[in-house]
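We count ligands from 1, going down the list as the structure has it; atoms in each ligand are counted the same way. Keep in mind that the numbers below use all heavy atoms, side chains included, and drop hydrogens, waters and symmetry copies. Quick caveat, the model's predicted, so the values are computed rather than measured.
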Amino acid sequence: MLEQITQWIEHTNNEFTPQRQSCYQLMDNFTDFYPTAFLDNAYFVVIDTLPKPDFPELRQLGLGTFIDMDAAGITYNNTYYLQPHVATNLRVHFHELVHVAQWQHLGIAQFIARYMQEIQSVGYMDAPLEKMAYALDNHFSLDGAPFDVPRYVAQHL
Ligand SMILES: [Zn+2]
């Protein structure tokens, strides 16, 4: 299952490579939160319908609600997908970049395994990987003092 999802993610990110935009353009908005080199290796795609791995096996594992959730954005490794209505919402970008940092620190297979386990056991809203992202995007939205987010993520996972 992990292998199948990993392949789907690689395929999906490859498919959207021509449309993706570099997060480098967010540099001025996220000064001292995200290092330039980190932003330079992260991407986003604006798209009406977010791509999701809709495998029957995932629904059998109880992840149907998550798959069907009308999320504004979703992150796969170093690329996140956003619905047009949040394309310029910095807080949403900030949130998805936390996930990019989580994927980077954990590695693809471990991120997927952990995220699935969290959703299955406590649900989306209480999933620790999500709570970390929401807490950090909240800090940013309140004009909180900047700190190195990828480093924070690495120290708190
Ligand atoms: Zn999230």
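- Around the Zn ion (ligand 1), protein N, O or S atoms at less than 2.8 Å comprise His95 NE2, His99 NE2, Glu130 OE1, Glu130 OE2.
- Tested against Phe33 for a ring-ring contact (aromatic ring centres under 6.0 Å, His included), the candidates Phe38, Tyr152, Phe140 yield a single pass: Phe140.
- For residues 3-12, the pairs satisfying side-chain hydrogen bond (donor to acceptor under 3.5 Å, both in side chains) are Glu3-Gln7, with sequence neighbours left out.
- For OH of Tyr24, the number of neighbouring non-hydrogen atoms (other residues, nucleotides, ligands) closer than 6.0 Å is 12 at most.
- Both Ile67 and Ile47 belong to a common hydrophobic cluster when Ile, Leu, Val, Met, Phe, Trp and Tyr are linked at side-chain heavy-atom distances under 4.5 angstrom.
- Not counting sequence neighbours, Thr31 has no partner by the side-chain contact (heavy atoms from CB on, under 4.5 Å) test.
- Contacts classified as salt bridge (Lys or Arg N to Asp or Glu O under 4.0 Å) and involving residues 126-155 (residues at least two apart or in different chains) are given here: Arg91-Asp137.
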